[in-house]
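In what follows, a structure is listed as structure tokens, so that the remarks can point back to it.
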Amino acid sequence: METRLAKGLEGVREELESSRLKGVGIIFSGSPGSVLLARIAEEVMGKDRVKLILVESPLWHQGALEFAARWALEFRGQTIRVRIREDEIQEILKNQPDRCYRCRKAIHRAVAAALPDRWGICDPLTVETLRTQKFGTRACSEDRVMVPLGDHGIGKAEAIGALSMMGLRWEGYRGVKCLTHMISPGLKLSVQHLGRLKVLGEAQQSALGMYSLVLMDPDTVVLKPLSDRRWGWEPVRDRLLEGGFKRVLLDVTGSAQPTKPEDLTGWRIPIRLLPQSPFE
């Protein structure tokens with residue numbers, strides 16, 4: 001794994017070094033991929049040629065946005081905030097299978113407008129994402145967005161491993177990032193739906209590892225167990241009812257078995273960077 005990882009990292013460095021761009025803007029989410037890409041880009045190109053792009057969106061959980069901002073502070077470099085309003089884009093509100101494509105295109109337009117001339121966009125998509133999210137990958141290809149990690153076979157586990165070899169410990173954001181992942185496919189988004197999704201996102205924090213929450217309509221939520229263990233669902237139900245939902249249903253047709261996380265304990269090297277650092 002170390003040889004493959006070293007080869008992939010070298011490929012990322014060579015791609016950045018060989019680009020004729022004046023600089024790059026990295027779409028920064030606080031994911032291990034975005035942290036790794038930012039670190040490599042600053043090493044190869046220098047801080048003055050790298051900008052971290054924090055995307056603010058009404059469809060993202062506020063906790064995830066704050067988490068990404070804390071990570072960005074670690075680099076003490078140039079940070080740009082751009083805001084996209086997916087709630088004003090009808091193609092996204094239709095919630096069709098290509099929703100992620102439409103959203104990614106909107107992000108690319110906003111980022112390109114915020115960057116200086118002859119600066120490129122880097123998206124830290126990992127190899128898993130390139131394989132599974134065909135619509136997001138298509139948007140990157142059409143908009144000539146660089147995806148050096150995925151192009152050189154770097155996955156999430158490899159990204160965490162590379163950060164560890166750099167002496168950094170990555171601790172992930174615990175929670176849902178994109179709120180639309182909790183909406184039933186095909187259900188059109190409205191102002192009422194978006195308000196409900198924000199309540200759902202807060203409730204999901206208390207149900208991590210126990211249930212996935214799905215919005216069926218503005219008044220109805222379905223809780224699907226993530227294992228065969230009998231978790232007490234009443235606290236989650238009560239929180240949703242207090243948030244304005246009228247029906248909270250428990251899916252008893254069968255549990256969704258989560259993928260067993262890969263053992264990455266060997267990669268983690270705890271260190272202190274800054275007080276209240278998200279690395280800890």
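The structure displayed is predicted, hence computed values, not measured ones. Worth knowing before you read on, the calculation uses all heavy atoms, side chains too, and leaves out hydrogens, waters and symmetry mates.
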Are Trp71 and Met166 connected into the same hydrophobic cluster when the rule is that any two of I, L, V, M, F, W, Y join if their side-chain heavy atoms are below 4.5 Å apart? yes

Quick one about Tyr101 and Gln133 (side-chain donor to acceptor, distance below 3.5 Å, no hydrogens or angles considered), yes or no? no

Residues in salt bridge (charged side-chain N to carboxylate O under 4.0 Å, His left out) with Asp151, at least two apart? none

Report all side-chain donor-acceptor pairs from residues 17-26 shorter than 3.5 Å, counting only partners two or more places apart or in another chain.
| residue | atom | partner | partner atom | Å |
| --- | --- | --- | --- | --- |
| Ser18 | OG | Glu14 | O | 2.8 |
| Ser18 | OG | Glu15 | O | 3.2 |
| Ser19 | OG | Leu16 | O | 2.9 |

Evaluate whether atom NZ of Lys134 has more than 12 neighbouring non-hydrogen atoms of other residues, nucleotides or ligands under 6.0 angstrom away. no

Taking the side chain as C-beta and beyond, is there a heavy-atom pair between Val199 and Phe245 under 4.5 Å? yes

Below 4.0 angstrom, N of the basic side chain to O of the carboxylate: do Glu202 and Lys198 qualify? no

Less than 4.0 angstrom from a charged side-chain N to a carboxylate O is my criterion; do Arg49 and Glu42 meet it? no

Less than 4.0 Å between a side-chain N and a carboxylate O, is that true for Arg99 and Glu91? no

Do the side chains of Asp123 and Arg104 get close enough for a salt bridge, i.e. N-O under 4.0 angstrom? yes

May I ask you to decide if Ala139's main-chain N or O and Glu142's side chain share a donor-acceptor pair within less than 3.5 Å? no

With ILVMFWY side chains joined below 4.5 Å, transitively, what does Ile80's cluster contain besides itself? Ile27, Ile53, Val55, Val82, Ile84, Ile107, Val111, Leu115, Trp119, Ile121, Val145

Sequence neighbours excluded, which residues qualify as salt bridge (charged side-chain N to carboxylate O under 4.0 Å, His left out) partners of Arg81? Glu56

Run Leu223 and Leu249 through side chain to side chain contact (heavy atoms under 4.5 Å, CB included) and show every step you take. CA-CA 6 Å; Leu223 276 65; Leu249 309 178; over 6 Å; no

Pair Val12-Leu149, side chain to side chain contact (heavy atoms under 4.5 Å, CB included): steps then yes or no: CA-CA 6 Å; Val12 173; Leu149 297 182; 4.0 Å; yes

Distance, nearest 0.5 Å, that separates CZ of Arg138 from CG of Asp98: 7.0 Å

Applying salt bridge (Lys or Arg N to Asp or Glu O under 4.0 Å), which residue pairs with at least one partner in residues 236-250 are found, sequence neighbours left out? Asp217-Arg247

Quick test of your reading: applying ring-ring contact (aromatic ring centres under 6.0 Å, His included), list the pairs with at least one residue in residues 4-30, sequence neighbours left out, ordered by first then second residue. Phe28-Phe75

Can you tell me how far NE2 of His61 sits from CG of Leu200, rounded to the nearest 0.5 angstrom? 10.0 Å

